[in-house]
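Structure record follows, encoded as structure tokens.
These numbers come from the heavy atoms of this one structure, side chains and all, not from hydrogens, waters or symmetry mates. In this text the structure is predicted, and so the values were computed from the model without any measurement.
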Amino acid sequence: MSTLRFKAVEEAFKKKAKEVSAPSKFISDFYGKYVFSTTTMSKYLSKDTVKAIRNAIEKGETLNRNVADDVAAGMKMWAMELGATHYTHWFQPLTDGTAQKHDSFIDYANGPGENVIEEFSGKLLAQQEPDASSFPSGGIRSTFEARGYTAWDPSSPAFVMDDTLCIPTIFISYTGEALDLKAPLLKALNAVDKAATDVCHYFDPNVKKVYSYLGWEQEYFLIDEGLYATRPDLVLTGRTLLGHESAKNQQLEDHYFGAIPTRVMAYMKDLEFEGYKYGIPLKTRHNEVAPNQFELAPIFNETNLAVDQNLLIMSIMKKVARRHGFRLLLHEKPFAGINGSGKHNNWSLGTDTGVGLLTPGKTPEENLQFVTFLVNILMAVYKNNALLKASIMTAQNAHRLGANEAPPAIISVFLGSQISAILDELEKSTSEKAIVVDDKKGISIGIPHIPEVLLDNTDRNRTSPFAFTGNRFEFRAVGSSANCSSGMTALNAVVAAQLIEFKKTVDVKIKKGETKEKAIFDVLKSYIKESKDIRFDGNNYSDEWKAEAKQRCLDCETSVPIIYNAYTSPESVALFESTGVLSAKELHARNEVKWETYTKKIQIEARVLGDLAINHIIPIATRYQSLLLDNITKIKAIYSGKQADELSALDKSLVEEIAGHVATIKKNVDDMVEARKVANHIEDAYDKALAYHDKVLPYFDAIRYHADKLELIVDDEIWTLPKYRELLFIR
């Protein structure tokens, strides 16, 4: 008997929900307790310093070192009152995660001696110097050129975690290139702010700033930690490389929005309380589509802050999961055949005057502004659909896209019937006309005591990777483990570039004597016609759409290494450089990192799969085969002739079936190892990634198919790996 597996199952069944109590009766009593927010600052900093920080955040003004010293002193005092003994620059290297090096506050009081004091200066707050050669850089930094700098981002508040003051920062090289995901995001946000503000001045000259907003939806799986520990593939890769689907998975659709399991509810409550302490406005929690899959979502926030909060909550989620005897899975496709996990990015733009630029207005002029931004976004997505796909593509997300609730690997835009009709009418119109977007209409259910239901101006299309949902776009293709910075940098950058082009075109027409309204209408009409191929309101899963998308010349590439080439196309390089977001050198370096990361992910999975096949699956299968052969021998010892053959026929058939699967697994593993050896000798990062995609990855499905067939044959009592029914249904 596989005692480890069954012991884990037994212990999982015994576990009870932990008692979780709120720190206070009201969330507002402890909300943001560990965050150095502008409200908290006012208690520790002078009014002039708080004003300087606000101006830096809202107006982009540079902070001088005197202000940094004042902030550091107040920040240290606040952090130490919360028990902090160390500080760190919290940054986002090109690993999709975060990094930090902790330093103590202590220093000698008067030179080397016995006495120490707690010290934290503006210089230490403003910048630090991690070893840039030890992080992925795509060749920008090497071992003999190791210097890099982290620099404080005042727009994202510092926080205390455990005993450490964490200061959000950017990460750049000694020669100035970005080595992280935050710096390009901040540049993209600055670009879209400036471009959108300029366009807003056509409608309201009082607009001084346009904000990019993000509301993410984080999907995840929870697995009992004992069962997790007995699955080497989950431990090392975050997903199951083997495993036959359970007889029951999600086909009854009974898990989605169902009653939350007791242990999971305790986890969710604990997680929310922790999130609130860090000022993360968690709003929604529920069961997702797949068994043991769940989701949380906050109220939307400014994009830079929302990204940092998502990275922080992912870290907290893992920590809280351990407290409750779970392991958190953020992989986009941890289980085959069921819903994968995404992180839908709800994105919008809004002005400092309180106007949502993607919200239909109540007057024709307000609606003209709404349609102006809507159509420019359509154009941006149309012209850069390959780039947007590249911004969310990873080895993990490739397994999810196009399968079980996830949008496909073809970027299209869903608008809904009402908005589509408005654009179609505008395209056909011969003169500028008032744009009317209907208010929400009521629908009577026919039950007297049920109130009227108000219908939105769009339906929802769960198969669309980029869907308009009434006052925002939902970028549904983003993966659950991803840093939102990647997708948000690309999206804000392409929209900024498009708005710049739009304004130039309109201004030329106005200079030639056209009225502002006619110039805007004429340009929008041409854009509506040109971008029509990106609009699709139908079933994105259908084979017909894949064929149609090719005819529309949309990017339909599925090879991850090739998809990344969209970053370094002449058009993308020109776009990023013109908006000041990334240089050609940075773009080429980032692709080197992406190809290397892809190769390493597949390489690790191949090694784990080979180990599981040779050291788990084949030995167990042959052990069971030996039991069957032993039984055949015993039957023949007692019986003879035709009777012996009849009694042993089933065992003989199973022995032969097992032998066939084992032989095929062994051959495929051997061939995969050889393919890996050949790929490992390739030096060029792109060619190596292609080799792993084209020559190594195809063996995965073949090996899995035969291993999963053996799982259905071999005696359950000797099978060592926890099965899907245990991983997904023990809660």
Side-chain angles (χ1 to χ4, degrees), residues 96 181 184-185 188 216 332-333 340-347 377-403 405-414 461-468 473-495 497-498 531 533-536 540-542 545-573 575-576 581-582 587 590-591 593-595 597-598 601 686 689-690 693:
D96 265 353
L181 294 168
L185 175 64
W216 41 263
E332 281 73 6
K333 198 72 173 178
S341 293
K343 180 151 48 194
H344 304 165
N345 277 205
N346 295 276
W347 171 84
I377 291 166
L378 284 178
M379 274 294 286
V381 176
Y382 169 64
K383 292 193 293 188
N384 300 281
N385 66 93
L387 174 60
L388 290 174
K389 180 166 70 176
S391 75
I392 54 85
M393 186 57 75
T394 61
Q396 309 95 281
N397 209 18
H399 293 290
R400 163 183 169 258
L401 294 180
E405 299 288 328
I410 303 170
I411 300 295
S412 64
V413 177
F414 167 83
N461 187 324
R462 292 180 62 83
T463 70
S464 175
F466 198 82
F468 183 66
F473 278 98
E474 186 177 20
F475 196 4
R476 293 175 52 85
V478 183
S480 53
S481 68
N483 183 328
C484 298
S485 292
S486 182
M488 287 295 100
T489 297
L491 179 56
N492 284 283
V494 301
V495 171
Q498 177 57 41
S531 65
D533 282 341
I534 201 66
R535 290 159 50 189
F536 182 66
N540 286 257
Y541 284 165
S542 69
W545 165 238
K546 293 175 185 176
E548 185 179 337
K550 282 186 178 180
Q551 291 181 345
R552 296 187 185 192
C553 296
L554 301 182
D555 188 276
C556 300
E557 182 60 62
T558 57
S559 170
V560 178
I562 295 175
I563 286 170
Y564 290 147
N565 285 327
Y567 268 107
T568 51
S569 70
E571 296 81 7
S572 293
V573 171
L575 184 150
F576 280 116
V581 175
L582 286 162
L587 288 165
R590 281 161 192 262
N591 264 10
V593 173
K594 289 177 182 292
W595 289 322
T597 301
Y598 179 83
K601 293 274 188 183
Y686 175 58
L690 275 180
H693 178 274

* In sequence, state the C-alpha distance, the side-chain angles, and the governing distance for F466 and F473, and then conclude on ring-ring contact (aromatic ring centres under 6.0 Å, His included). => CA-CA 6 Å; F466 198 82; F473 278 98; 4.9 Å; yes
Strictly distance-based, threshold 3.5 Å: is any side-chain N or O of [X] a donor or acceptor partner for the main-chain N or O of [Y]?
| X | Y | answer |
| --- | --- | --- |
| N385 | Y382 | yes |
| K343 | A477 | no |
| R400 | K333 | no |
| N397 | I392 | yes |
| E332 | G340 | no |
| K389 | D555 | yes |
| R476 | G342 | no |
| S572 | T568 | no |

* To do: Classify the ring geometry between W545 and F536 as parallel (under 30°), tilted (30 to 60°) or perpendicular (over 60°).
  =>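 W545 vs F536 ring planes: parallel.
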Please give me the minimum heavy-atom distance between [X] and [Y], naming the atom from each residue.
| X | Y | answer |
| --- | --- | --- |
| D533 | R552 | O-NH1, 2.9 Å |
| P561 | A689 | CG-O, 3.6 Å |
| L587 | V573 | CD1-CA, 3.8 Å |

* Would you give the length of the straight line joining atom OH of Y686 to atom OH of Y564, rounded to the nearest 0.5 angstrom? =>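 That separation rounds to 12.5 Å.
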* Distance in Å, W347 CH2 paired with L491 CG, rounded so as to fall on 0.5 Å steps ->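 Rounded to the nearest 0.5 Å, the CH2-CG separation comes out at 4.5 Å.
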* To do: Consider only side-chain N and O atoms of N540 and S412, and report whether a donor and an acceptor are under 3.5 Å apart.
  =>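 Note: N540 and S412 side chains meet the donor-acceptor criterion.
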